[in-house]
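Reviewing the structure listed below.
In what follows, every heavy atom counts, from backbone to side chain, and hydrogens, waters and symmetry copies are set aside. Chain A is the first sequence line, chain B the second, and so forth, proteins listed ahead of strands; every chain is numbered from 1. If you're wondering where the values come from, they're calculated on a predicted model, not measured in any experiment.
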There are 2 protein chains.
Amino acid sequence: MVTSTHLADTDGSAAEPRWLTPDEQEAWRAFAAVLIRLPAALESQLQRDADLSHFEYAVLSALSEAPEQALCMSELAGLANGSSSRLSHVVKRLERRGWVRREPRSDDARYTNATLTAEGMAKVVAAAPGHVEAVRSLVFDVLTPEQIAQVRDIGRNIHDRLAPDGRGDR
Amino acid sequence: MVTSTHLADTDGSAAEPRWLTPDEQEAWRAFAAVLIRLPAALESQLQRDADLSHFEYAVLSALSEAPEQALCMSELAGLANGSSSRLSHVVKRLERRGWVRREPRSDDARYTNATLTAEGMAKVVAAAPGHVEAVRSLVFDVLTPEQIAQVRDIGRNIHDRLAPDGRGDR
DNA sequence: ATCGTTTAATTGAAGCTTCAATTATTCTCC
DNA sequence: GGAGAATAATTGAAGCTTCAATTAAACGAT
């Protein structure tokens, strides 16, 4: 598919890339499809049932778990796995819909605190069951307990490689 | 995070959702982050080094492996894990850049065959090593051989649940 | 105290994706 | 053989994300 030796350049112009082995190719083919299609499926459930993108849901959900239901934009971006620009645009829309409020932090006005409103909390509470059901039925229902532990370990290994310092930034 | 019991509605208004267990939540937190950040990292490598989106790469790559370097739009959409509308827009751009040609199939003109040009083939060949290196270093370098087999099995289980009939459509 | 640097966040424009509607072709079956 | 259903692909508009540039505030060294 995306990574195979049939594309090898044979003119000797560069150091030979470390192509994937057949086992790795098989694994990558399966994993890459999940990487695309699972987010698309979750997106579509949330859009249909709650009129929310997955990223919007992640933002509301992160706030709902935070102390005082408030976080500054950069922390929130890290928790929701998005860039600060993306977060800024999305929070603007969430604010327009009445689910989030923003205000500069009093001790350091460079920071902006985003706070979940009561309506915002109600929105997440209403959306959560459908989303969890989707995650459960698409992921956990098809995995054994051993595989669930494997997913956790593999996920952590890859995540650590992506964000080596442990912070969630981009 | 996205799926936890702290959002339980306690008014008894609906059937209790099947919340995630703590083990499942841990696994989901790690996996969900990978689901967002790994595609973003691959996207960014391809964009920077080859001026291609990951989806464009997947399209060119699928064509490069096909017999005669040609596939009809719907097959191509399935292999590249995208909707037919998305593919249509993207192939239009790839055609404009001279990497793909399109023509109606002679035996059934509802089908459109997309064919990789020589320039298109050269483009994938040039882009492949960098992409493979990214996949290798972000994924396979941090996994043991056992974990690679686990990724394959887990990926297949989830993928089968997403596309139960085995076809790649959406 | 102040100038330059760093950090947090926002903005607008360009580009990509999605959704619903549309076109074009072939199939079906009366 | 012809009307209507089904299939493959395309289109345009709306909306979201990204990128680069910008604003605003605080820090730090002199």
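For the OP1/OP2 pair of C/dA9 and a distance below 4.0 Å, the side-chain nitrogens and oxygens of A/K92 include no atom meeting the criterion. Residue A/R110 places none of its side-chain N or O atoms closer than 4.0 Å to OP1 or OP2 of C/dT10. Not one side-chain nitrogen or oxygen of A/S88 sits closer than 4.0 Å to the OP1 or OP2 atom of C/dT11.
Between A/L76 atom CG and C/dT10 atom P the separation is 10 Å, expressed in whole Å. In this structure, the NE2 atom of B/H54 is 18 Å from the C1' atom of D/dT18, given to the nearest Å. Here the P atom of nucleotide D/dG15 and the CG atom of A/L52 are 16 Å apart, to the nearest Å. Taking atom CG of residue A/D51 and atom C1' of nucleotide C/dC19, one finds them 13 Å apart after rounding to whole Å. For the pair A/M73 CE and C/dT7 C1', the interatomic distance rounds to 15 Å; values are reported in whole Å. Separating the CZ atom of B/R86 from the P atom of D/dG12 is a distance of 20 Å, rounded to the nearest angstrom.
Of the two residues near DNA chain D, A/V90 and A/S106, the one whose nearest nucleotide lies more 5' is A/V90. Both A/Q47 and A/E75 sit near DNA chain C, but only A/E75 has its closest nucleotide nearer the 5' end. Both A/R102 and A/S44 sit near DNA chain C, but only A/R102 has its closest nucleotide nearer the 5' end.
Relative to the ring axis of B/F55, B/R86 places its NZ or CZ within 45° and under 6.0 Å from the centre.
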Trace of the side chain to side chain contact (heavy atoms under 4.5 Å, CB included) decision for A/K123 with A/L60: CA-CA 8 Å; A/K123 181 70 187 175; A/L60 297 177; 4.3 Å; yes
Side chain to side chain contact (heavy atoms under 4.5 Å, CB included) assessment of A/R102 paired with A/V91: CA-CA 8 Å; A/R102 264 185 301 185; A/V91 168; 3.7 Å; yes
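Using a 4.0 Å heavy-atom cutoff across all strands shown, B/S85 reaches at least one base atom of the nucleic acid. Counting any heavy atom pair closer than 4.0 Å across all strands shown, A/R105 reaches no nucleic acid atom. Residue contacts for B/S84: at a heavy-atom cut-off of 4.0 Å it reaches a base atom on one of the strands shown.
Counting only heavy atoms from C-beta on, B/A109 has its side chain closest to C/dT26 among C/dT26, C/dT6, C/dT11. Which of C/dA9, D/dT17, C/dC16 sits closest to the side chain of B/R93 comes down to C/dC16. Nearest nucleotide to the B/S74 side chain, out of C/dT25, C/dT17, D/dA9: D/dA9. Ranking C/dC19, C/dA9, C/dA13 by closeness to the A/H89 side chain, first place goes to C/dA13.
A/H131 and A/Y57 have tilted rings, their planes meeting at an angle from 30° to 60° on a 0 to 90° scale.
Considering all non-hydrogen atoms of both residues, B/L76 and B/A114 come closest at CD2-CB, 4.1 Å.
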